Colleague: 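Input: one structure, supplied below.
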Amino acid sequence: MGQEIPQYMQELNPEQRQAVLHSLKPLLILAGAGSGKTRVITTKIAHLIKEEGVSPRSILAVTFTNKAAKEMAQRACDIEPLAAGCMLRTFHSFGSWFLRRNGGLAGIDSSFIIYDDEDMVTLLGAIAPEIKKTDLKLIAHNIARAKDCFLPPDSPGIDKINHTKMFKNIYKKYEEALARCGNVDFGDLIKKPVEILRANPNVAERLRDRFRVIMVDEYQDANIAQFELLKEISGDNTYICVVGDDDQSIYRFRGAEVRNILEFPKIFGDADIIRLVRNYRSTSQILQVASSVIKHNSGRLGKELVAERGEGYKPQLTFLPDQDQEARSCADLINRSINRSINSINNGINKPEAKYSDWAILYRTNAQSLAFENEFLRRKIPYRIVGSLKFYEREEIKDAIALLSFLVNPKDEVSFRRVINKPARGIGAATVQRILDARYMEEDWNIESACKKMLPSLSAKAAAGMKDFLCAIQESREIIEEPDTSIIKGSITKKNTSEYSKKDSSLKAVEGLSSCIAHLIQKAGIDEYHRAHDDINGEQRVANLQELLNGSVLYPLTNAGLIEFLEHIELDRAIEMNEDATDRVTLITVHNTKGAEFKRVIMTGLEQGLFPRNEKNDEDLEEERRLFYVGVTRAMDELYLTCCRERRVFGQRMNQTPSLFLREADKTQIRITGNVPFGFLSARSTDAGSWAHGNAIVTAALKKNTSSDGRWQQGDTVFHDDNGYGEVIKIIESDDGPVIKVKFQTGREVQFLSMVQSSSFMKIKN
């Protein structure tokens with residue numbers, strides 16, 4: 001048109017500018033990772049006011065966090081101060097604003113209170129006092145899920161939340177009680193406005209007249225109820241624009257519905273789609289790895305990101321023996337980068353300074369943080385945990401450690417106070433104090449002895465609870481003091497040791513000290529206490545307890561082994577760390593990385609069953625794949641991927657297989673190191689044959705770690721009648737054929753010809 005581009009739009013690329021100037025039809029801005037979507041949406045708000053003459057009062061922009069809403073408002077006002085007159089809110093804040101003005105139409109007073117999760121449980125307790133609080137928490141959680149899915153108690157679809165008649169009845173009574181109170185919960189902030197707008201067309205029309213422009217950020221995170229609200233507040237003359245990325249929809253467990261964005265063009269009047277594909281965060285080779293995996297999803301609109309920062313370094317995939325070596329390898333990578341930077345500065349080389357804060361270690365579950373925390377503490381590498389407590393600060397771990405401390409030292413008052421009533425045993429604070437007072441009558445101030453003497457004076461319930469506690473301590477002590485238990489390098493060989501672990505528990509241990517710890521945690525009821533105490537996160541708490549067991553398998557099943565284990569924990573916890581320092585490595589789950597970016601990213605635990613989980617399929621598997629995509633696209637300059645051959649699972653060393661996503665990734669874009677699993681390079685890979693042939697490192701690794709006849713691989717587990725279980729530690733090619741060197745659990749090393757495999761010597765697994 002010959003018109004000069006405004007200053008505030010000159011830094012936009014052609015696609016961003018097209019999105020800002022778009023008008024008339026509904027618009028979906030499909031914004032890839034690192035493509036500058038916030039700049040687009042804030043510039044578009046300012047442009048509508050500045051150039052199109054749109055009244056700020058008629059613009060509604062919604063997002064999902066207060067932080068994002070404030071950032072949008074500030075950036076829009078930096079371009080056009082009049083943007084301060086727009087309504088920029090979260091979905092729930094908008095719902096509250098609406099109900100304060102129109103809630104009376106649904107019997108809700110303008111002075112209503114918003115009930116949080118605890119308030120919901122309290123109200124449910126008044127409705128159903130016979131139900132335990134732990135069960136009420138789960139009911140409250142399910143009611144919140146139902147409202148996110150816009151499902152009232154009598155909806156046929158409620159069965160997908162909870163199919164029981166009891167739940168439907170309580171949900172209905174809860175809604176009635178909430179109405180009598182005149183208050184709302186968070187789900188109502190979205191659900192009630194939709195109901196009011198549908199029942200009152202005049203209110204809906206008035207709202208649509210007010211808001212002529214509606215913009216939604218992070219639209220892929222919208223749930224069904226939010227989608228219904230969006231439909232109700234937009235009319236035929238509303239200009240609606242949503243910004244999101246179908247490839248980054250990773251909150252299905254919170255109610256997010258990816259179909260909202262996939263079906264937007266069809267539902268909102270044949271909407272236009274503008275794809276923002278220019279990525280300003282990551283280098284080309286990082287993006288190619290992400291794209292090669294996400295393209296396997298069928299539920300996506302499709303786009304190919306283009307890196308604006310050049311090719312960069314090739315991502316590295318390292319195959320490692322186990323999670324301990326994985327932690328050491330990550331620490332080595334980080335320390336090398338810091339040391340190189342220090343050497344460069346000392347030698348007068350002008351090079352950007354490397355920082356600990358450049359690094360992030362990503363994992364699928366919080367429990368995986370333990371190995372990294374232990375390793376970083378030992379090496380004095382500063383770190384921070386994002387989204388959760390440090391491992392040893394988690395309540396369930398503190399409880400388990402307190403039990404172990406009391407087992408070792410029955411005079412430990414602090415540990416006794418912490419666990420004597422977890423789970424509730426009817427032993428109140430007064431009784432605890434009486435027991436502690438009675439210990440002074442003991443020569444050695446033994447609290448355990450005092451407990452036994454106090455039993456006759458306790459109530460029936462308290463006495464039963466105390467007996468259970470004392471039994472757990474005594475049985476666990478017998479396990480570690482059994483004289484006929486034979487220990488070989490930290491592994492227990494007594495065949496019936498597994499009897500000490502409950503067969504119906506999810507906590508499992510058969511090696512070393514883990515047998516005692518598993519028994520104590522289960523017998524004392526700590527695992528079930530935390531599973532029931534937090535129905536939403538209970539499984540994660542038990543997973544953390546399992547990780548504590550996994551960390552104990554290397555210690556012998558003796559009292560000395562238990563003391564050494566506790567000492568290791570306490571010394572690690574006592575290492576001085578500068579918690580105020582900003583220069584720290586980030587430890588974070590992949591879910592919590594959304595919206596973050598780091599110069600150097602290490603994605604760990606890329607094994608089938610861990611990431612993705614084995615039970616994931618169809619839509620769940622596609623979400624796992626999106627989660628992998630999100631993790632990869634957090635990396636700016638360097639990306640490292642790790643996969644372990646073995647991992648301690650349920651206290652046992654279990655062989656692992658590489659993640660499906662590693663098999664799907666374009667291996668021509670990855671530098672592969674370590675002991676490559678046999679067949680990995682040809683399994684579901686792009687041009688795998690030429691990649692294996694053309695890469696000298698990988699070819700050498702294959703020759704070194706697999707026998708020429710294909711029978712054996714380094715790391716294979718074998719069994720020999722005379723020597724027991726062992727592991728193939730070396731493969732030697734000779735004139736007579738391949739020779740394998742096996743190290744047995746006894747410590748003995750023996751060489752065998754590869755062709756020798758009989759009933760007395762056989763491969764168990766690889």
Side-chain angles (χ1 to χ4, degrees), residues 322-324 370-371 374 378 391-392 397-412 414-416 418-419 444 446-449 451-452 469-503 505 507-524 526-527 545-574 646 648-653 724-727 743-748:
D322 55 34
Q323 67 227 62
D324 297 323
L370 176 59
N374 285 342
R378 278 194 288 273
F391 189 84
Y392 292 121
I397 300 303
K398 283 187 170 183
D399 290 344
I401 292 172
L403 274 173
L404 295 171
S405 299
F406 189 74
L407 176 63
V408 168
N409 178 16
K411 296 183 287 185
D412 186 345
V414 173
S415 294
F416 176 74
R418 183 177 184 92
V419 295
D444 56 357
N446 190 303
I447 298 173
E448 187 177 356
S449 299
C451 288
K452 292 175 182 176
F469 177 77
L470 294 173
C471 183
I473 296 295
Q474 183 58 37
E475 288 182 4
S476 300
R477 186 173 290 121
E478 289 172 0
I479 292 173
I480 59 175
E481 291 178 352
E482 275 194 339
D484 59 339
T485 299
S486 125
I487 306 293
I488 299 178
K489 294 192 176 181
S491 295
I492 184 161
T493 59
K494 187 172 168 55
K495 291 184 178 179
N496 65 353
T497 303
S498 59
E499 293 173 7
Y500 291 122
S501 296
K502 291 182 180 178
K503 293 180 170 55
S505 172
L507 288 180
K508 298 179 183 177
V510 294
E511 291 187 354
L513 187 61
S514 64
S515 299
C516 170
I517 298 176
H519 179 75
L520 180 57
I521 289 173
Q522 293 162 354
K523 186 75 175 178
I526 289 294
D527 58 338
L545 289 170
Q546 180 63 59
E547 197 62 26
L548 184 72
L549 293 184
N550 292 342
S552 70
V553 297
L554 302 178
Y555 294 82
L557 186 60
T558 62
N559 193 60
L562 175 55
I563 292 171
E564 184 184 357
F565 179 60
L566 288 172
E567 182 178 284
H568 152 76
I569 291 173
E570 293 306 323
L571 288 177
D572 275 354
R573 292 166 71 186
E646 288 183 346
R648 286 190 294 276
V649 180
F650 298 135
Q652 303 180 65
R653 289 186 174 275
Y725 288 97
E727 178 183 8
K743 184 172 183 178
F744 292 94
Q745 288 183 346
T746 59
R748 187 183 181 196

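Since the structure is predicted, the reported quantities are computational estimates derived from the model, not experimental observations. In this chain, numbering begins with 1 at the start of the sequence shown.
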Colleague: Could you state the interatomic distance from CD1 (I473) to CG (L403), rounded to the nearest 0.5 Å?
Modeller: 6.0 Å
Colleague: What's the separation between atom CD1 in I521 and atom CD in Q546, rounded to the nearest 0.5 Å?
Modeller: 9.0 Å
Colleague: OG/S415 to NZ/K398 distance, rounded to the nearest 0.5 angstrom?
Modeller: 11.5 Å
Colleague: Quick one: are L548 and F565 in side-chain contact, heavy atoms under 4.5 Å?
Modeller: yes
Colleague: Kindly compute the distance separating CZ (R477) from CD1 (I479), expressed to the nearest 0.5 Å.
Modeller: 11.5 Å
Colleague: Mind checking whether L557 and I480 have side chains closer than 4.5 Å, heavy atoms only?
Modeller: yes
Colleague: If the condition is side chain to side chain donor-acceptor pair (under 3.5 Å), which residues does D324 pass it with, not counting sequence neighbours?
Modeller: R648
Colleague: For D322, what residues pass the side chain to side chain donor-acceptor pair (under 3.5 Å) criterion, not counting sequence neighbours?
Modeller: R653
Colleague: What I'd like to find out is whether the side chain of L407 reaches to under 4.5 Å of the side chain of C516, using heavy atoms alone.
Modeller: yes
Colleague: In chain order, what residues pass the side chain to side chain contact (heavy atoms under 4.5 Å, CB included) check against A371, with sequence neighbours excluded?
Modeller: A327
Colleague: Which value, rounded to the nearest 0.5 Å, describes the distance between I526 atom CD1 and I517 atom CD1?
Modeller: 13.5 Å
Colleague: Nearest 0.5 Å, please: how far is CG in N559 from CG in L513?
Modeller: 9.5 Å
Colleague: Can you run down the salt bridge (Lys or Arg N to Asp or Glu O under 4.0 Å) pairs that involve residues 399-408, sequence neighbours left out, and say none if there aren't any?
Modeller: D399-R418, D399-K422
Colleague: Could you list the residues that satisfy ring pair (Phe, Tyr, Trp, His ring centres under 6.0 Å) with F406, not counting sequence neighbours?
Modeller: F416, F469
Colleague: Who passes side chain to side chain contact (heavy atoms under 4.5 Å, CB included) against L470, sequence neighbours left out?
Modeller: E448, C451, K452, L455, M466
Colleague: When you compare the side chain of I397 with that of L545, does any pair of heavy atoms fall below 4.5 Å?
Modeller: yes
